[in-house]
Structure formats: structure tokens, C-alpha cells
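Report on the following structure.
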Amino acid sequence: MSSIAERSQKLVAAYLEKQAAANGQTSSADPLNIGQAFLEMTAKMIGDPTRLMQSQLALWQDYMQLWQNASKRFLGEEEVPPMVAPDTGDRRFKDPAWEENYVFDFIKQSYLLTARWMQSTVHEVEGLDAKTAQKVDFYTRQFVDAMAPSNFVMTNPEVLRATVESGGENLVKGLENLLSDLERGKGKLAIKMTDMDAFKVGENIATAPGKVVFQNDLMQLLQFSPTTEEVHRRPLLIVPPWINKYYILDLREKNSFIRWAVAQGLTVFVISWVNPDEDMAQKSFEDYMLEGPLAALGAIEKATGEKEVNAIGYCIGGTLMAATLAYMTAKKDERIKSITYFTTMVDFAEAGELSVFIDEEQLHTLESMMDEKGYLDGSAMATTFNMLRANDLIWSFVVNNYLLGKEPFPFDLLYWNSDSTRLPAKMHSFYLRKCYQENKLVEPGGVKLGGVKIDLRTVKTPTYILSAKDDHIAPWKSTYAATQLYEGPVKFVLSGSGHIAGVVNPPAAQKYCYWTNSRKPKSPDKWLESATQHPGSWWTDWAEWVGKQGGGKVPARVPGDGKLKAIEDAPGSYVKVTLK
């Protein structure tokens, strides 16, 4: 406890010093612009007192019924049906005591009733504009999730049991974990999601054999070693998001999309983006196009002698590739013969809950921060994504690490998720404003790159669009809009699960499912109604599709054997740069 007190004192002093400095630099006391949204909601709610009173009365009646049910259980009656139950996938209440013990069952149901009442009451307020209503809904859910009884010592049966059994050792250990996370975050809470010492890039994660064959300021180009005697003539270029690192597609041997693609007879090239610092503050979205995929195409031709390629763009990497294809179309450049998009938005009209973070006030605050540093710190973006699934990616770790005093489990996906990257100020401001705020990319000529007015409607390249049904970052109904946009043939496929697991789903795992449909109605709901569901991974479906775009077979190419010599072994040095 003495050690904890000493560390706490240092952290508090550092925090106060940092807050004082921050208050002198910014005039915004509400950087997320939440206050005004809730003021508007409150005004509308008070303006309809009858509806508010009816809502309060309904909650009171639910409480009375719940109290009666709890009394019956207390008196020994066993068959008392619950008034409300958690969702099937809600892991907060998995401990048997939440059902078997009438006290904890009462606490659980009381919380669920209040949460349901609060969210429905806020949601039903009339007269709010769509963006304000979305923001109020989102932050109400954040509050509701934070107030769950599972997040507190005295109302979580698993934590209470651990506290009694260990004599409180779990809480002391949990406090040590909390202080360690604050120290690691330099005063900000950086929740440890996995054992960060269990993985090392290039040793037991990101291990697909290959070479770096080209590099510039923004990226290294990796070429992976073949495992088949013959390969498709057209190489495959993968353009991952630069919000995270490329090795989401090469976590470990059993779930590596890159290894699997190589085994299908593809010559695989992957862009590994740099982790930028303040010196790259002026790198633009246009620079990412010119020094990213366009530079990679030239390098691939030198490495293999082949001009024509098939390409994949993942998330923002896909958004970049859509713009690049429109640019190339205007330049009459036909080197990309097919394009696959993983969970990619190009029409941001319905961008989902990420839109909550995009308004003029928040953008102004964000740009002020980026102007000072020259980049957006990767932890800021990570926090935003985590808030979209707060119970799984925030509160579950609060309970495990701080209340139960346990160490998080080693998990490759969460290691990757914690290995954040920075974003250059100029590029990120352009992306947020032109895509999320103004939705200019989908507008013909709304965006100009390399002196070319971008028009996605001109793209005739055969297209495979892969979206994920439970995606919180690129909602599948938003990504579906692209099917009505491109001029060329488009195949839309919907996978089960979310933004990452829906993509990284090897066939051997036999998990989830996917849907296909030869038709492309305007409505995504209509598409799903008539779609065919298939068990397992969409990877095999894509392999068949991309195989038809392969351009015949040639002897396998070894990295470094062409005009581009190997610079270093994969995964290269860029991917190993971590945030300080």
C-alpha cells in the first residue's frame, strides 16, 4: 500500500500539471461537444411533460412488479419468470449467481429495467435533428454501460467472491494494475488488453516469410515467398489501412490471410505503412495515393516484369483504392484488373456511430491538437473505436484487471489492436472533412487528387465487395451503397461477425457464415432477403473469383530475383516502430 500511495502521488501531480497546461492551450471545456446535444434533448423532453410523466410511471410500475417478484423468490417461490433478461451475447452477467441468488438477480433486473427505460426515453424524444439524436443515443449508452452493476465491487458476485477468497488481495493487485496502466499512458488510462510481452512482431506474429523489395517515406512494399511451383500471372497487391498495421492479415500461421493467399498460388505484395511523426505533418491523402499504391504498382512491375495486378483495399485502404482507381481511369491507366474491398466505405451518408465524433466543434478541437503535434496520436483513434463496443473493449477489462486483479489473456488480435499508429495531420483532416463530414468522395468531382477530379462512377474494374454483418466501424448497409456506384461488374458478399473477425476468418476454423446474391437491388435489406447463406469462410468464394482474374499461370517468383533486390526480411522495419 505504501508503494501504491507513492506511485499515486506522482501520477496525480503529473496529471494536474498536464491539465493546467492543457487548459492554457484550449478554450473548449467540452471537446466532444456533448453538452449542447443533451441541453437540446432536455429542452425537448421538458416541453412534453405528459410523455415524460407516462414514462416515469411506466418505470415505477416495472419497479413495483420487480419488487413483488423478488419478494416471492425471497419467500421460497422458485418459478418466478424474469421481467427482463440480458441479451444472449451479454457476458457481463455470465456468473451463475446473477440468476441463482435472488439479491443479485434483483440488482441485475433493476439495472436492465433502468437501462431500457433510459435509452427508450431518450430515443423517443421528438424534435431533435438526426445528428443530435444519434449523439444523445450514443452517449446515453456509454453512461448506461458504465453504470452496470458488474463494474462495481459490491454489486458483482464474482468480484465479491474473489475478494473474500483472497482476503482482498485481488483489489490490491487491481489497484497496482490501474496504476501501471496510468503510468504507461503517462497520466491517461491506457487499459492493458492483452499480455504485451507474449508477442513480438516478426517472431511469433507477422511471420509470413518474404522480403521488403521497395520503400519510400510512406511505406515499405513486402513480397512474400511462394509455396507453390506455379502462380497466377497477375500479382496481388494488398493495401491495408494505415490507421492500424498490416499484420492483421498475418497474425499467426493458422489465421494468416497472407499465408493462405500465397498457398492459393498468388504472388502477394503488401504495403506496410510508416508510423508517421511530426516531420510528416504535411503528408496528404494525395501523397498516400502517389507514394502508396501507385508507387507499389511501379515497383511490382520491376520485381515481376508484370504490369497487370489484382488488388485489395481494406477499410480506409479501400477508400484510398477507390479514389486511386478513379484517378487511374481518368489517366487511362488500366494496370489494376480487379479490385476487392474489405469493409470499405466510399459513401459516408450513413456512416454509423463514428459520425458521433464528426461535427464542426469536434473537428476544430481535433485539428488544433494535430496542428500542435503534427499528427493524431494512435491512442485517440483506438479509444474512439473501443467506445463503439465499450462493454467488450473497455468495461470487461476494467472488471478483469482492476476488480478481479487478473492479468489479461494473451490474444494476438488484441495485441495488434493495441499496437497503434499515428495519423498525419493534413491527411487525417482531409479524410474526416471530405469523407465523413462533407461526403465529397461519392460526389462526381467533389475531390481532386493529383490534379484529377475524382469520379467513382467511371470505374469499370471488376469489383468484389466484402462487408461484415456486425461491423460497427463500416456498417454493411453503408458499404452496400457502392454496389450502385461503379460502372463495372460488382459482386457483393456479406460475412458474419464484425470489422476484423468477419475478414480474418480462415476456412479451417469453420466459423460464422457468409451470404451471396447475384442480384444488386438498391436496398441492402432487399439484397439480404433474397441472399443465399453459406456456412464457414468467404475466403474460398473469393479465391474462386480472383482466380478467374489471374491471367493464367507462370513459374513462381522468388522475392529479390527480379530487378528489385531484397532490402530486408519481412515484416520489415516500418511495422516495428511503436508509439512511445
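As a basis for the values below, the full set of heavy atoms in this structure was taken, side chains included, without hydrogen atoms, waters or symmetry mates.
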Mutual orientation of the aromatic rings belonging to Tyr431 and His428 [parallel < 30°, tilted 30-60°, perpendicular > 60°]: tilted
Criterion salt bridge (Lys or Arg N to Asp or Glu O under 4.0 Å) on Lys426 and Asp287, from CA distance to verdict: CA-CA 10 Å; Lys426 186 174 182 179; Asp287 291 326; over 6 Å; no
Residue Glu568 excluded, over 12 heavy atoms near CD under 6.0 Å: yes
Val270 and its side chain to side chain contact (heavy atoms under 4.5 Å, CB included) partner, picked from Leu221, Val239, Ile238: Ile238
Neighbour count >12 (heavy atoms, 6.0 Å) for atom NZ, Lys565: yes
Exam field: side chain Glu353 to backbone Phe138, donor-acceptor pair closer than 3.5 Å: no
Ring geometry between Tyr288 and Trp273 (parallel below 30°, tilted from 30 to 60°, perpendicular above 60°): tilted
Centroid-centroid distance, Phe342 to Phe257, less than 6.0 Å: yes
Donor on one side chain, acceptor on other, Arg557 and Thr267, under 3.5 Å: yes
Salt bridge (Lys or Arg N to Asp or Glu O under 4.0 Å) between Asp377 and Arg422, intermediate numbers included: CA-CA 5 Å; Asp377 195 284; Arg422 306 179 193 93; 5.3 Å; no
CH2 on Trp242 to CE on Met219, rounded to 0.5 Å: 12.5 Å
Check: Ser467 side chain, Leu494 main-chain N or O, donor-acceptor pair, under 3.5 Å: no
Greater than 12 external heavy atoms within 6.0 Å of Phe409's CZ: no
Residue pair Met381 / Thr421, side-chain heavy-atom distance below 4.5 Å: no
Check: Met345 and Pro475 side chains under 4.5 Å, non-hydrogen atoms: yes
Ring geometry between Tyr111 and Phe93 (parallel below 30°, tilted from 30 to 60°, perpendicular above 60°): tilted
From CA spacing to verdict: side-chain hydrogen bond (donor to acceptor under 3.5 Å, both in side chains), Asp250, Ser256: CA-CA 4 Å; Asp250 184 32; Ser256 170; 2.8 Å; yes
Side chain proximity check, Leu237 to Ile271, heavy atoms < 4.5 angstrom: yes
Greater than 12 external heavy atoms within 6.0 Å of Arg91's CZ: no
Approximate separation, where rounding is to 0.5 Å, of Tyr314 OH and Asn244 CG: 9.0 Å
Asn505/Tyr514 under side-chain hydrogen bond (donor to acceptor under 3.5 Å, both in side chains): CA gap, chis, key distance, verdict: CA-CA 11 Å; Asn505 181 27; Tyr514 66 96; over 6 Å; no
Greater than 12 external heavy atoms within 6.0 Å of Glu278's CD: yes
Any donor-acceptor N or O pair under 3.5 Å, side chains Tyr402, Asp181: yes
Mutual orientation of the aromatic rings belonging to Tyr246 and Phe224 [parallel < 30°, tilted 30-60°, perpendicular > 60°]: tilted
